[in-house]
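Data block below; observations after.
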Amino acid sequence: MCLAIPMKLISIKKDKGIVELGGIRKEISLALLNNVRIGDYVIVHAGFAIEKLDKKEAKKTLKIWEEISNIK
């Protein structure tokens, strides 16, 4: 099973970007998206940003992820 995860874009260099979630940073490809900027939230799947999210929706989704991770 593969999951796409919303992550915050913290730097851009050509068609690569660094995204962060919970202190974890990862280099991804931005080749599939246009008009992304530092501070945007993107959906990351298999090392590619596949969709841009608005900030409100991204934070809502991340809150759900946090709640799921706290379930024992």
Side-chain angles (χ1 to χ4, degrees):
M1 180 167 93
C2 297
L3 298 172
I5 301 171
M7 300 182 85
K8 187 175 185 177
L9 187 60
I10 60 170
S11 71
I12 298 173
K13 191 171 188 178
K14 296 186 179 182
D15 67 342
K16 300 285 186 184
I18 301 293
V19 288
E20 181 177 50
L21 176 63
I24 297 172
R25 293 181 176 194
K26 179 172 178 58
E27 183 179 83
I28 62 166
S29 173
L30 301 171
L32 301 176
L33 295 179
N34 293 321
N35 301 322
V36 288
R37 297 180 180 173
I38 293 172
D40 285 347
Y41 285 86
V42 294
I43 298 288
V44 177
H45 181 71
F48 288 85
I50 60 172
E51 184 177 343
K52 183 177 167 182
L53 287 174
D54 70 53
K55 189 175 184 177
K56 184 178 177 182
E57 188 63 32
K59 290 192 174 206
K60 181 179 167 184
T61 303
L62 291 171
K63 182 170 174 56
I64 292 168
W65 275 99
E66 184 178 323
E67 289 172 4
I68 290 170
S69 69
N70 288 329
I71 294 174
K72 292 182 179 180

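Applying the side chain to side chain donor-acceptor pair (under 3.5 Å) criterion to Glu20, with sequence neighbours excluded, gives Arg25. Partners of Asp54 according to the side-chain contact (heavy atoms from CB on, under 4.5 Å) rule, which considers only residues two or more places apart in sequence or in another chain, are Lys56, Glu57.
Counting non-hydrogen atoms of neighbouring residues, nucleotides and ligands closer than 6.0 angstrom, the CD1 atom of Ile68 exceeds 12 such neighbours. At most 12 non-hydrogen atoms from other residues, nucleotides or ligands lie less than 6.0 angstrom from CD of Glu66.
Considering CD1 of Ile18 and CE of Met7, their distance stands at 10.0 Å, rounded to 0.5 Å. How far CH2 of Trp65 is from CG of Leu21: 9.0 Å, rounded to the nearest 0.5 Å.
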task = Could you walk me through whether Ile28 and Val42 pass side chain to side chain contact (heavy atoms under 4.5 Å, CB included), step by step?
result = CA-CA 10 Å; Ile28 62 166; Val42 294; 4.3 Å; yes
ask   = Between Thr61 and Tyr41, is a side chain to side chain contact (heavy atoms under 4.5 Å, CB included) present by the stated rule, with each step listed?
value = CA-CA 11 Å; Thr61 303; Tyr41 285 86; over 6 Å; no
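None of Lys52, Lys55, Lys8 except one satisfies the salt bridge (Lys or Arg N to Asp or Glu O under 4.0 Å) rule with Asp40; the exception is Lys52.
Taking hydrophobic clusters as Ile, Leu, Val, Met, Phe, Trp and Tyr residues chained together by side-chain heavy-atom distances below 4.5 Å, Ile50 shares a cluster with Val19. Hydrophobic clustering (side-chain heavy atoms under 4.5 Å, transitive across Ile, Leu, Val, Met, Phe, Trp, Tyr) groups Phe48 together with Ile5.
The shortest non-hydrogen separation linking Ala49 to Leu30 is CB-CD2, 3.9 Å. Scanning both residues, Ala4 and Ile43, for their nearest heavy atoms gives CB-CG2, 3.3 Å.
Within the 4.5 Å cutoff, no side-chain heavy atoms of Asn35 are placed close to those of Leu33.
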